[in-house]
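No experiment lies behind these values; they were computed from the predicted model shown. Residue numbers run from 1 in the order of the sequence given.
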Amino acid sequence: MPLLQVLRPTLPILIGASIMLTLSMGLRQSLGIFMQPLTHDIHISISDFTLALAVQNLAWGFLQPPAGALTVRYGFRPIMIAGALMYIAGLALMATANGLLSIMIGAGVLIGTSLACTAAAIAMSVAARAVPETVRSTVLGIVSGAGSLGALLSAPIGQMLNEGFGWRVGLAGFVIMSVLMIPAAWYAGRVDKIPLPKPAADEIDDATAAAAARTAFGNASFVVMTCAYLVCGMQLVFLTTHLPSYLAICGLDPMLSAQTLGMIGGFNVLGSLFFGWAGQRWNKLALLGGIYILRSLALAWYFMLPASPFSTLLFGAIMGFLWMGVGPLVAGAVAEMFGLRWQAMIQGLAFMSHQIGSFLGAYGGGLLYDALGSYTMAWRIGVALGLAGGIVQVAFALVRPSQPPTPVLRTA
């Protein structure tokens, strides 16, 4: 049966989840555009701004499991709409900020909490529940790809407003764009009316939240995936936060940073589609390790050469292809190992590790730059850890394929 025919009944849900994801991720990934003018105007340091983004990542990561657990009790729709409202409030507070406290609360706490309710873990769980298992990985890739379009649109728009009218107007434009998350979350929330499929004998559908968490951390494949996920967050947030600053140091056109983030967003679509398709056919965890290795090699290549517009855009295309392809692979692996009921929560547990890495990438990169006056040490650490994490992930996935949860840990 053609894929479109299979998906037609749930298209409003999938489109809503994709729009919500593309706005929540795209706007967040473009905040680095405003770092230089914002910090100069309100007299805070680069490390102050990156500390706010680091708080955002920690709030996102540590609140993701509770947000996922709340969807089991209250449904997806109220959680996603609450997250959309917090995103709007966070951007509005940033746009009117006059000091570090407003940036910390707006960019850090509010947007971080919102992302736990609107970003990849929730959107992927919505998509996974809405479609049959036979096309799940492919659909997760499509939703992830559609969710990648946000940076392609928001980065150039933000940079244009920033250059023409100032950073406050640029952030006000982001506030207007974020309002669209509310109707998107409403339509995605229709998934609450779709009953869960009958669980397999080895799934944890009827477990409590605590029992589901114990089962997840008792699974060696999940633990290795979670540890390697830290590297993913560190590399990606380092780039989205510090690449605009790095290009400014190199004396390149400020619009190049927006074009590069847009390039990342565009190739994100292709990478998400490819890895969603590939995850339907090959070992998802081995593919994850391959992504980390290739990213690390691309980082080393780019930062070892003098920066130029061509090399920067090519680097953006390579990293974009390897960017959100992790989304369908992680979501698909969690669904395979543990079923759908607790997917959002368990995926959130893995994501906590990703966000610890994001904290290190954002704040650690800022600290190293303030201390050493360059990003050399920061990218070298990112490359070394990325290669190590990727190699371990591939080796473990091939030597010990993932196993379903142990039935004895299931709790009625």
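Atom-to-atom distance recorded for L285:CG and M337:CE is 5.5 Å, nearest 0.5 angstrom. Note that CZ of F310 is 12.5 Å distant from CG of L256, once rounded to the nearest 0.5 Å. Note that OG of S114 is 8.5 Å distant from CD1 of I88, once rounded to the nearest 0.5 Å. Note that the CD1 atom of I79 and the CZ atom of R73 stand 10.5 Å from one another [nearest 0.5 Å]. Distance check: M20 CE to C117 SG gives 9.5 Å after rounding to the nearest 0.5 Å. Here the straight-line distance linking atom CZ of F174 with atom CG of L161 works out to 8.0 Å at 0.5 Å rounding.
In the displayed structure, F165 atom CZ is contacted under 6.0 Å by at most 12 heavy atoms of other residues, nucleotides or ligands. In the displayed structure, Y187 atom OH is contacted under 6.0 Å by at most 12 heavy atoms of other residues, nucleotides or ligands.
Between L58 and I356, the shortest heavy-atom distance links the atoms CD2-CA, 4.3 Å. The nearest pair of heavy atoms linking M80 to A185 is CE-O, 3.5 Å. For the pair G348 and Q64, the tightest heavy-atom approach, listed with the atom from each and the gap, is CA-CG, 3.3 Å. For the residue pair S24 and L21, the shortest heavy atom distance occurs at OG-O, 3.2 Å. In this structure, L93 and G106 approach most closely via the heavy-atom pair CD2-N, 3.6 Å. Listed here is the closest heavy atom pair of P65 and M352: CG-SD, 3.5 Å.
Side-chain contact check for L171 versus N162: every heavy-atom pair is 4.5 Å or farther apart. Between S125 and F76, some side-chain heavy-atom pair lies under the 4.5 Å cut-off. Within the 4.5 Å cutoff, no side-chain heavy atoms of M104 are placed close to those of V109. No side-chain heavy atom of V383 sits under 4.5 Å from any side-chain heavy atom of F303. Considering only heavy atoms from C-beta on, F267 stays 4.5 Å or farther from L322 through its side chain. The shortest side-chain heavy-atom distance between Y302 and W379 does not fall under the 4.5 Å cut-off. At least one side-chain heavy atom of T118 sits less than 4.5 Å from a side-chain heavy atom of M181. Between L91 and M177 there is no side-chain heavy-atom pair separated by less than 4.5 Å.
Partners of W186 according to the ring-ring contact (aromatic ring centres under 6.0 Å, His included) rule, which considers only residues two or more places apart in sequence or in another chain, do not exist here. By the side-chain hydrogen bond (donor to acceptor under 3.5 Å, both in side chains) test, T39 is found to be paired with no residue, residues two or more places apart in sequence or in another chain being considered. Applying the ring-ring contact (aromatic ring centres under 6.0 Å, His included) test to F351 and every residue at least two apart in sequence or in another chain returns W60, H354.
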Derivation of the side chain to side chain contact (heavy atoms under 4.5 Å, CB included) call for F275 and W282: CA-CA 10 Å; F275 286 107; W282 299 303; over 6 Å; no
Given L14 and V126, is the side chain to side chain contact (heavy atoms under 4.5 Å, CB included) satisfied, shown in steps? CA-CA 8 Å; L14 298 176; V126 167; 6.0 Å; no
Can you list the steps and then say if I103 with L38 is a side chain to side chain contact (heavy atoms under 4.5 Å, CB included)? CA-CA 10 Å; I103 298 298; L38 184 154; 3.9 Å; yes
Using the rule given for ring-ring contact (aromatic ring centres under 6.0 Å, His included), can you reason through F49 versus F34, listing the C-alpha separation, both sets of side-chain angles and the distance that settles it, and then say yes or no? CA-CA 10 Å; F49 184 84; F34 306 108; 8.8 Å; no
For I111 and M94, what are the C-alpha separation, side-chain angles and deciding distance, and is it a side chain to side chain contact (heavy atoms under 4.5 Å, CB included)? CA-CA 10 Å; I111 293 181; M94 283 188 70; 4.2 Å; yes
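At least one donor-acceptor pair closer than 3.5 Å links the side chain of K284 to the backbone N or O of G279. With hydrogens and angles disregarded, no donor-acceptor distance shorter than 3.5 Å links the side chain of R295 to the backbone of I318. Formation of a donor-acceptor pair under 3.5 Å by the S353 side chain with backbone atoms of Y229 is not found in this model. Judged purely by atom type and a 3.5 angstrom limit, S296 uses its side chain to pair as donor or acceptor with the backbone of Y292. In this structure, D192 contributes its side chain and R77 its backbone to a donor-acceptor pair below 3.5 Å. Distance alone, capped at 3.5 Å, is enough to place a donor-acceptor pair between the S154 side chain and the G26 backbone.
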